[in-house]
Each structure stands twice: as structure tokens, then as C-alpha cells.
Novice: 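After the C-alpha cells below, expect a handful of questions from me.
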Amino acid sequence: VNTCSSMEPSLIIITLSLYFCLSVLLQALCQLYFDPDMERKNVAQKWLTQAQASAQAWQFCWALLSPDKLPEVQFFGASTLHTKISRHWNDLPTDQHESLRMQLLSHILRFSSGPKMVLTRLCVALASMALNLIPQAWSQPVADLVRAFQPQKPDSEGGSGTEVSQDPHAHCLALLELLTVLPEEFQSSRLIQARRTQLREALAGEWTVMCPMLRQLLQSQDSTNQVKEKVLRCLSSWVGLDVPLGESHELVQDCFTALSNPELFDTAVETIVSAISQPDCQRYIDALLNLTPLVLGLHDQLKTAAQDGDMETSHGICRIAVAMGETHSRVLLEQVDHWQEYLALVNMILFCTGIPGHYPVSETTSSLTLTFWYTLQDDILSFEEEKQEVYLQIYRPVYFQLVDVLLHKSHYPSQEEYDSWSSDDREQFRIYRVDISDTLMYVYEMLGAELLSNLYDRLGRQLMDPQQSAVWQDTEALLFGFQSIAETIDVNYSDVIPGLIALIPRVNISNVMLADTVMYTIGSLAEWLADHPVMLGGILPMVLQGLEKAELSVSSVSTLKRICRECRHDLDVLVKEIHKSSQCMWLMQALGFLLSALPVDEILGRLHSLIAPHVQQLDTLAQQEPNPTNKQSIIHVLGMLSSLFTTLDINTQADGLEGAASPRRTPSQTTHNPVVVVLQQVFTLIQSVLSKWLDDSEVVEAVCGVFDKSVRTLLHDFGPMVAQLTEMLGQIYSAFPQASALDLARQLVHIFAGEEHHIAKIKTLIEVLTSTTLTIFQQGPRDHPDIAESFMYLHAQILKRKPDLYLSDQLDMKALFYCGVLSLKFPETPTVKAASLFFTELLPRCKDMPSLGEVLQRDGKLLTETILQAVGGGSPRNLTEHFSDVLLSLNRHCPALLSQWMKETLQTPGFPSTQVSTEQKHTFIQQLVREQTNKRRVKDIVKEFSLLCRGLQGSGYSDF
């Protein structure tokens with residue numbers, strides 16, 4: 001049927017009530033696949049779904065599989081068979097089981113040459129049938145299937161020649177496809193535990209028949225690469241059933257021969273890694289020992305690949321070596337008669353760690369090895385002391401080599417090369433260095449103080465030799481090593497730290513990346529500096545010098561903060577340096593730490609004397625007519641106050657000084673926190689500033705910043721300001737909506753929503769902010785992504801901290817829900833992230849709050865459709881993970897509705913992309929609805945579907 005006549009919806013409905021005849025089925029399928037009218041497609045989809053569930057489906061599915069039908073029609077027939085067998089098995093009388101099996105086998109043979117999608121569905125259907133019959137009604141499924149697929153003698157009368165393919169090669173591939181999907185169907189089927197255990201044991205028992213056949217096919221010279229690849233995939237599938245390595249290690253050994261075939265290399269790697277990564281393999285020590293030389297035999301191929309820049313080959317071989325070494329580390333260590341072989345494997349993995357090239361641009365292999373070194377170290381240190389000492393003699397030298405390798409791999413490329421890297425490559429390299437840093441810190445447990453001495457000696461030689469110090473990457477790497485260890489290990493006892501502190505000022509920090517590492521290294525030694533304040537004078541000028549360079553602002557400010565925290569009793573040195581610097585904002589933060597260390601009754605006086613000149617300047621500016629110069633001065637003064645209030649916290653600082661057992665140093669009950677006192681005194685002045693600058697977003701943001709920093713630092717001590725501030729915020733936002741006002745309101749909700757004496761004021765503020773923002777959304781929010789983002793974050797915070805606020809009659813639930821849907825459509829990542837958070841906080845509340853539940857029932861399909869459209873190409877790819885969070889939340893809290901919404905939405909041909917087929921959509925739905933807990937798995941499923949929709953990748957869907 002290449003064309004289809006029109007089919008009225010009324011005709012379908014009438015026919016539905018009567019019977020499912022073949023001609024109507026064909027018309028419905030044509031209508032589904034080829035009719036441009038969406039309403040008619042939807043009617044056909046619903047009718048066909050009911051047709052599949054009907055008793056007649058057991059009969060009409062075979063007619064749909066006839067050779068004269070379109071592949072889409074045949075696929076629907078095969079899918080119907082699978083649906084009936086997997087969901088309606090008990091409807092089929094027992095005496096019809098054998099005939100069904102024979103029909104399925106016959107059709108699989110007929111379709112062995114294609115179409116592939118029909119063949120795969122038929123194989124899945126037969127696999128599902130086997131799972132219903134094994135072991136009682138079908139005791140030897142594999143042997144029976146192998147016999148059924150043996151080449152048949154041609155019918156003497158030629159009657160079947162046109163019906164069933166007689167191609168032995170096609171039959172072999174079909175058999176392997178069937179044997180591959182059998183364990184996969186078992187893994188994906190929903191079974192009670194007792195039945196799952198019974199089936200697993202029965203299938204594992206079939207391995208004695210499977211294994212010799214797979215070996216024969218893999219070894220045969222007559223087997224094509226296509227057959228061998230199917231053999232490898234089949235083995236991978238059966239490995240998931242925990243088949244014993246003792247029975248299959250010879251087959252796994254045969255897989256190594258496939259590594260020399262470029263067409264089979266990737267599949268062979270996946271198969272070998274799957275086979276040797278099974279924890280149960282550790283019971284088969286002889287098998288592992290037989291496999292180890294084969295892994296070592298890949299070393300020359302690995303070296304050649306590394307030398308030629310063949311990243312794929314080196315990556316694959318490294319995966320095999322790491323799988324063997326990491327999964328079975330302890331077992332192989334315990335085989336003392338084979339210690340040299342395992343040491344050789346460890347050195348092979350060390351070669352992979354140090355493989356030439358810069359990660360991730362010219363190599364991607366070294367990162368695979370890092371967790372191995374954790375595992376090996378843990379296993380060595382878990383032995384009893386006497387045995388441990390023997391292993392340490394062998395492996396400590398290896399770990400010292402590892403440190404050299406890791407420091408070399410952490411080297412930055414040349415500035416010119418680094419500038420040519422993409423932002424993604426730079427971010428991956430940054431994460432890679434963090435992983436190296438963690439590994440160095442862990443390795444310290446094995447190597448101890450000798451490691452620090454080793455690093456110090458090398459750094460000293462470099463800095464004293466002008467030729468060596470000219471290569472800044474070498475110096476940076478050694479400091480990076482020090483910092484990695486000092487960040488988490490107590491190095492106060494080390495006798496090399498004084499020498500290191502003395503060496504650091506000799507480092508030329510003209511290179512930004514080296515200077516960054518110098519700053520972070522100083523910060524990591526802040527605790528040591530607190531115990532040796534005499535050394536501060538030599539280090540602080542270097543830190544303050546970094547403050548003057550914009551590109552070093554993050555690292556130098558971070559280091560200054562750490563020094564202030566740890567050395568607050570000895571910072572008269574810092575106070576002297578402050579007056580020499582023009583970096584007022586950062587130094588105000590440092591003064592905040594200093595003031596926090598004073599007795600409470602002294603702070604207010606010192607605070608007044610510090611800020612009085614700035615407050616007086618602000619008063620003068622507030623009285624002047626607005627102009628650009630005044631504006632910058634006002635923002636500068638407000639910024640200095642914000643910086644000061646960021647760190648001035650008497651409670652936190654007191655806890656840090658006195659220890660957890662000491663009482664908090666709080667003001668007496670009759671007085672307020674010094675910061676609150678100052679804010680109350682300048683509140684009228686700030687209102688005066690706002691009266692002239694209310695329509696200027698930068699000034700409003702600066703004002704909100706003063707209060708935002710204060711509430712974040714003071715937390716509940718900010719309470720006396722809540723009433724005044726909520727009233728002012730409502731006035732600001734109603735007159736001139738700004739995202740900064742919403743952000744400040746979010747902080748107030750976070751801290752004070754649980755306090756009864758503040759909730760009324762906060763509730764009124766939320767109603768005002770929401771009403772004003774809904775007006776913006778009604779007028780078109782596209783020009784205000786910052787407001788949409790902050791509004792979503794505000795309501796996510798409300799739902800998290802005080803969902804009772806949603807019981808207010810003043811909040812329009814439907815409008816809020818629709819605002820969230822609109823925000824998901826923004827191209828800006830922060831806005832989509834905020835909207836996703838809003839929905840992940842809202843969805844768990846729908847069951848307990850009827851008003852939200854009603855909105856979800858009514859508009860949940862719109863939300864689902866919006867997300868799927870975005871995932872399918874409507875939004876940038878980098879937003880996919882945020883959409884997956886919402887889909888996971890929907891699946892957790894309303895799985896039945898999500899499944900329904902997805903089916904209804906995705907049944908539309910061409911939605912969300914013309915790149916995906918109906919079966920691929922069906923697979924996506926099935927995969928997604930099964931995952932209600934595994935966030936990473938859901939992200940992978942959604943990402944894969946998104947790539948498929950964009951025509952960028954077919955991995956995981958290529959078989960459908």
C-alpha cells in the first residue's frame with residue numbers, strides 16, 4: 001500500500017466499536033504516517049493503540065507482516081506481536097504456544113535479510129516469548145534455536161523458496177541477533193525477584209551451548225567481519241547474566257585477536273572490558289592469570305598508537321589494561337608467584353597515565369587511569385604490616401614515578417597553544433588538573449614527608465638556575481603539587497615549609513597562570529602562616545600586588561581572605577599594607593575580618609569611625625542632582641559598604657576563634673548587631689538616594705547589594721531590618737521592577753520565612769512582587785531574562801522554605817505555572833536553570849496541595865511538550881541537562897501522567913524532530929519512564945535523544 005485514501009475520524013470511531021479489519025488497519029497506519037492533519041493523526045494513533053490491545057491482534061499482526069506491505073506496516077505488525085507476548089501472554093491458550101513459536105521462527109528467517117528494524121522487533125518478540133516459557137515449557141532454547149537456523153535443504157517443489165531466505169550468512173546474523181536480544185529483553189523485563197532468579201539461572205545454564213558456537217564463529221576464516229562483530233556483541237550481552245569467566249575465558253582470549261582488525265577494534269574493546277570487569281571474575285584466578293599476558297601483549301600496539309597519535313587505539317587498550325588492573329587489583333597482588341606480571345601491568349597503566357600529548361586536545365586516555373592508582377594504594381595499605389612492607393618496597397618507586405608523570409601531565413601548554421583552545425577544552429583541562437590534584441593528595445598517604453622534600457628540592461634547583469626557571473610550566477607544576485597536598489593535608493610539621501615560603505617571593509609572576517598557582521599555594525599555607533606570623537611580611541606584598549591585576553582578582557582575593565581568617569590576631573602587618581593599596585573593595589573585606597576579631601563592645605565605635613567619611617560623602621551625593629559622575633561615586637560608596645558587611649560577622653568569627661565549645665559572642669539582648677545598628681542609621685539616607693535614582697538599575701542593584709550581603713552574613717541577626725526592608729522592596733519593585741530586588745527578596749524568604757513574627761510582612765512582599773512580575777510576563781518577558789530568572793529562583797525558594805505561601809488567594813497558580821513554562825523557552829542558560837529548579841520544587845508539592853495538583857493535571861501536558869520540543873532542538877544543546885531534571889521530577893511524582901503526556905505528544909510525526917522515528921521515540925519513552933531515581937542515567941537518556949533529534953549521534957539507537 002503506497003497510498004492511502006482519506007479516512008474520516010467518524011469512520012474510525014464506528015469501526016472501533018465493531019471490529020478491526022485489515023483494510024481499516026492499513027488506512028489507519030497510512031493516516032498515522034502520511035496524513036498532514038494532526039487531529040486525524042491523533043485519532044489514528046489512539047485507534048491503533050486500542051487495536052494492539054484487542055484479541056484480534058493475535059491474528060492481524062501476521063497479515064501486516066506479509067512481504068507486500070510497507071516496512072512501516074511490517075514494523076507495526078512486529079511491534080504488535082511483541083506487545084501481545086510481553087503484556088497479554090496469559091490470553092493465549094497453551095496449545096497455541098508451539099504454533100506461535102514456529103510462526104515467529106519462520107518470519108525471522110524470512111526477514112533475516114531485512115528490513116533490519118522489522119527483524120530486530122521479531123527477535124525481541126521471540127525473546128519475550130522465550131522468557132515466558134523457560135525453563136518448564138522450553139528447556140533448551142539455545143540448542144533449539146541453533147537447530148532452527150541451520151541451513152535447510154531447498155524444498156523439492158520450490159514452494160518455500162520465495163517465502164524464506166536461504167542465505168546462510170543472513171541466517172547466521174539473524175540467529176546472533178536473536179541470541180543477543182535474549183539477555184537484553186531479560187534485563188529490561190519487569191519480573192518478580194523469584195522469577196528473575198529462576199530465569200537468570202536457566203539462561204546461564206545455556207551458556208555451555210552458546211560458548212562453543214561463538215568460539216567457532218569467531219575463529220572461523222569463513223566468518224565475515226559482520227558475523228564476528230555480532231559474536232562480540234552477543235558475548236557482551238550474555239556477560240551481563242554473570243556467566244562464569246571460568247567457562248568463557250577461552251572465548252574472551254579469542255576476542256583479543258579481533259583487536260588487530262580495525263573494523264572490529266571498538267566492539268572487541270567493549271566486549272573484553274565488559275567480560276573482565278565483572279566482579280565475579282575474581283573467583284576464577286587461573287582464568288585471570290591466563291588473560292594477563294594477553295593484556296600485556298598489547299603494550300607494543302599501545303606504544304605504536306601513542307607514537308602515531310592514534311587516540312582511539314590507545315584509548316581502547318588503556319581501557320582494557322585499567323579494567324584488568326583496577327577490578328582485580330587485590331586478587332592479582334595476592335598471586336605472589338606472578339608479582340612480576342602484575343608489576344608489568346601496573347607499569348603499562350603508568351605508561352597510559354603519562355601518554356604523550358595535552359589532555360583533552362591531543363590525548364584523552366590518561367584520565368581513565370587515575371582511579372586505578374587509588375585502588376592499588378588502598379589494596380596495598382590494607383594488607384597486614386609485614387606483607388604491606390614487602391609491597392611498599394616494590395610499589396613506592398612506582399608511585400614516585402607516578403608523581404613525576406602527574407606533574408608533567410598537569411603542565412599548561414604554551415600561551416599561544418592555550419589561547420587556541422576552545423572554552424570547553426579549557427574547562428576539561430581545569431577539571432583534569434583538579435583530578436590530578438586529588439590524586440597527588442591521596443598518594444601523599446603512601447609517600448609521606450619524602451614527597452614534600454622531593455618537590456622542595458626540585459623547586460629550589462629550578463628557582464636557583466636561571467635556565468630552568470625560564471620554563472614557567474615546570475615551576476607552576478611543582479607549586480601545583482605543593483598546593484594539592486597542603487590544601488587537605490596538615491603540613492604544619494613539615495620542615496620544608498619555611499624554605500618554601502622563602503622561595504615563593506623569588507617566583508616571577510609575570511605569567512598569569514603561574515601567578516594564579518602562586519596565590520593559591522600561599523592560601524593553602526595560611527594555617528602555617530598563622531603559627532608563624534613573622535613570615536607574613538615577606539608574603540603579603542606579593543598577594544596585594546596580585547590585587548592590582550584584574551586577571552588575578554579571584555585567586556588573590558581568595559588568598560587574602562584565607563590569610564585574614566587564619567591570621568586575624570597578627571594582622572597589624574596587613575593594616576599597614578592596606579593604606580598602600582588602591583584596591584578598596586577587597587581591603588574593606590579584609591577590614592571586616594579584622595573588626596570581627598575585636599570584642600563586641602569595641603566593634604561599633606571602630607565601625608563608625610571607619611565608615612563615617614563614606615556615609616558623609618553619600619549624604620552629599622544624595623542631595624545633588626543626578627549626573628553620571630555622581631552615579632559612579634554613589635555606586636562606589638555602596639560597593640565599599642557591601643564589601644565590609646560581607647565579612648563583618650561577630651558570630652562566625654567568634655566561633656572560629658574560640659572553638660565549638662565556647663558560647664557565641666552576641667550583643668546583649670537590648671542591643672542589635674553592629675551592622676544592623678549602622679544600617680538602621682543610614683536607612684533614611686539610602687531611601688533618599690533611591691528617590692532620585694529609582695529608575696537606574698545599577699544604583700538599585702548597588703542598594704540591594706548592601707542589604708543582600710548583610711543578610712547573607714548576619715542571617716537571623718538581620719531580623720530587626722525585615723519590616724523596613726520588605727516595605728521598601730515592594731515600593732521599589734512596583735515602581736521600577738529590577739532583578740536585584742527579587743534576589744534580595746529570595747534571601748529574606750530563605751532566612752525568615754520560618755519565623756512567625758516576620759511571615760506576614762514577607763507574604764505581603766511576595767504578593768506584590770508576584771503581581772507586578774505577572775504583568776511583565778503578560779506584556780512579553782523576552783526582553784527581561786534577568787527578571788524571569790530571579791522570579792523563578794524566588795518562587796523555587798518559596799516552595800522549598802515556605803510552601804504554605806502558595807495557599808494565598810492572591811497568588812494565581814495557573815499563571816505562575818505558565819510563567820515557568822515560558823521561562824523554559826528562553827535561550828539563556830541561567831533562566832532555564834532557574835525555571836527547571838522552580839518545577840523540581842513545585843512538582844513534589846502537587847500531591848499535598850490540591851490547587852497545584854489541579855494546575856498540573858490541566859497544564860502538565862503543555863510542560864511536557866515544551867520540554868520535549870526544547871530537547872528535540874528548540875533550545876541550545878547545553879541546556880539539555882536542566883530539562884532532564886524536570887523530566888526526572890515528573891517521572892518521580894506523576895509517572896502515569898508523564899507516560900501518557902509523552903505518548904500523546906510524541907505520537908505526532910515530525911515532533912520534536914524529523915530525524916527520529918516512531919520506534920526511537922517509543923524507545924526513549926520506555927527508557928525514561930523506567931528511571932525514577934538515577935539522575936545521571938536520565939541525563940544520559942535525554943542527551944542521547946537530543947543528539948538523535950539533531951542528527952548528531954545515533955549511539956544506542958542504531959539498532960532500531
Side-chain angles (χ1 to χ4, degrees), residues 142 146 172 175-176 179-180 182-184 187 200 203-221 223 225-302 313 315-332 335 338 341-342 344-345 348-349 352 368 372:
V142 171
V146 171
C172 182
L175 172 62
L176 289 170
L179 294 175
T180 300
L182 182 57
E184 293 173 353
Q187 301 287 11
R200 184 184 293 276
L203 289 172
E206 294 292 291
W207 185 241
T208 54
V209 179
M210 283 278 298
C211 192
M213 181 190 71
L214 295 180
R215 283 202 73 192
Q216 182 181 355
L217 287 172
L218 198 57
Q219 292 176 343
S220 172
Q221 294 182 347
S223 295
N225 283 345
Q226 197 176 4
V227 168
K228 290 181 179 180
E229 183 176 11
K230 276 290 183 185
V231 170
L232 293 169
R233 293 189 185 280
C234 190
L235 172 57
S236 285
S237 181
W238 281 76
V239 162
L241 296 175
D242 300 329
V243 295
L245 181 64
E247 297 178 11
S248 55
H249 71 276
E250 292 177 334
L251 175 57
V252 177
Q253 290 177 29
D254 293 340
C255 294
F256 278 81
T257 61
L259 292 171
S260 58
N261 186 330
E263 292 184 29
L264 300 177
F265 181 82
D266 290 341
T267 309
V269 168
E270 293 294 340
T271 303
I272 294 169
V273 169
S274 296
I276 63 180
S277 296
Q278 300 297 318
D280 187 59
C281 294
Q282 296 179 3
R283 294 194 294 125
Y284 305 99
I285 296 173
D286 288 342
L288 289 174
L289 292 175
N290 288 333
L291 289 171
T292 302
L294 294 175
V295 179
L296 294 175
L298 301 173
H299 204 162
D300 287 342
Q301 188 179 355
L302 171 65
T313 300
H315 195 88
I317 294 175
C318 175
R319 287 184 60 200
I320 294 172
V322 170
M324 175 65 81
E326 186 172 343
T327 310
H328 310 296
S329 170
R330 188 175 184 88
V331 169
L332 294 174
Q335 310 312 306
H338 298 270
E341 286 185 8
Y342 188 57
L345 180 61
M348 182 177 176
I349 296 173
C352 293
L368 301 175
F372 164 76

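Just so you know, residue 1 is the first one in the sequence shown, and it goes up from there. Excluded from the calculations below are hydrogen atoms, water molecules and symmetry mates; all remaining heavy atoms, backbone and side chain alike, are included.
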Novice: List the atom of Thr327, the atom of Ser277, and the distance in Å for their closest heavy-atom pair.
Specialist: CG2-O, 3.6 Å
Novice: Please name the pair of heavy atoms, one in Leu302 and one in Cys352, separated by the smallest distance, quoted to 0.1 Å.
Specialist: CD2-SG, 3.6 Å
Novice: Any side-chain heavy-atom pair from Leu259 and Ile272 closer than 4.5 angstrom?
Specialist: yes
Novice: Please find the pair of heavy atoms, one from Trp238 and one from Leu182, that lie closest to each other, and give the distance.
Specialist: CZ2-CD2, 4.1 Å
Novice: Report the residues that fulfil salt bridge (charged side-chain N to carboxylate O under 4.0 Å, His left out) with Glu229, sequence neighbours left out, ordered by chain and then residue number.
Specialist: Arg233
Novice: Rounded to the nearest 0.5 Å, what separates atom CD in Glu206 from atom SG in Cys211?
Specialist: 13.0 Å
Novice: At their closest point, which heavy atom of Ile276 faces which heavy atom of His328, and how far apart are they?
Specialist: O-NE2, 2.6 Å
Novice: Which residues satisfy the side-chain hydrogen bond (donor to acceptor under 3.5 Å, both in side chains) test with Thr180, sequence neighbours excluded?
Specialist: none
Novice: Please enumerate all residues that pass side chain to side chain contact (heavy atoms under 4.5 Å, CB included) together with Glu341, with sequence neighbours excluded.
Specialist: Thr292, Pro293, Leu296, His338
Novice: Has the side chain of Ser223 got a donor or acceptor atom that lies under 3.5 Å from a matching backbone atom of Leu217?
Specialist: yes
Novice: Is there any ring-ring contact (aromatic ring centres under 6.0 Å, His included) pair reaching into residues 249-302, and which pairs are they, with sequence neighbours excluded?
Specialist: His299-Phe351
Novice: Could you check whether Lys228 pairs with Glu263 (Lys NZ or Arg NE/NH1/NH2 to Asp/Glu carboxylate O, under 4.0 Å)?
Specialist: no
Novice: Hey, are the side chains of Leu289 and Leu332 touching, using non-hydrogen atoms and a 4.5 Å cut-off?
Specialist: yes
Novice: Passes side-chain contact (heavy atoms from CB on, under 4.5 Å), Met213 versus Val231? Steps please.
Specialist: CA-CA 9 Å; Met213 181 190 71; Val231 170; over 6 Å; no
Novice: Using 0.5 Å steps for rounding, measure from the OH atom of Tyr342 to the CE atom of Met324.
Specialist: 10.0 Å
Novice: How about Asp266 and His315: do any of their side-chain heavy atoms sit closer than 4.5 Å?
Specialist: no
Novice: Rounded to the nearest 0.5 Å, what separates atom CG in Leu288 from atom CZ in Arg283?
Specialist: 11.5 Å
Novice: Does a side chain donor of either Gln253 or Asn290 reach within less than 3.5 Å of an acceptor in the other side chain?
Specialist: no
Novice: Quick one: CD1 on Ile320 to CG on Leu368, what's the gap to the nearest 0.5 Å?
Specialist: 12.0 Å
Novice: Would you tabulate the side-chain donor-acceptor contacts of residues 240-248 under 3.5 Å, counting partners in other chains and residues two or more places apart, or write 'none'?
Specialist:
from: Ser248; atom 1: OG; to: Pro244; atom 2: O; distance (Å): 3.0

Novice: Leu214 versus Met210: any side-chain heavy-atom pair under 4.5 Å?
Specialist: yes
Novice: Is it true that, when you exclude Gln216 itself, more than 12 heavy atoms of the residues, nucleotides or ligands shown sit nearer than 6.0 Å to its CD?
Specialist: no
Novice: Looking at side-chain heavy atoms only, is the closest gap between Cys255 and Leu218 below 4.5 Å?
Specialist: yes
Novice: Taking side chain as C-beta onward, heavy atoms only, is Arg215 less than 4.5 Å from Pro212?
Specialist: no
Novice: Could you pull out all residues at least two apart from Glu326 that satisfy salt bridge (charged side-chain N to carboxylate O under 4.0 Å, His left out)?
Specialist: none
Novice: How close do Cys234 and Leu179 get, counting heavy atoms only, and between which atoms?
Specialist: SG-CB, 3.8 Å
Novice: Looking at Leu176 and Val227, what are the two nearest heavy atoms and their distance?
Specialist: CD1-O, 3.8 Å
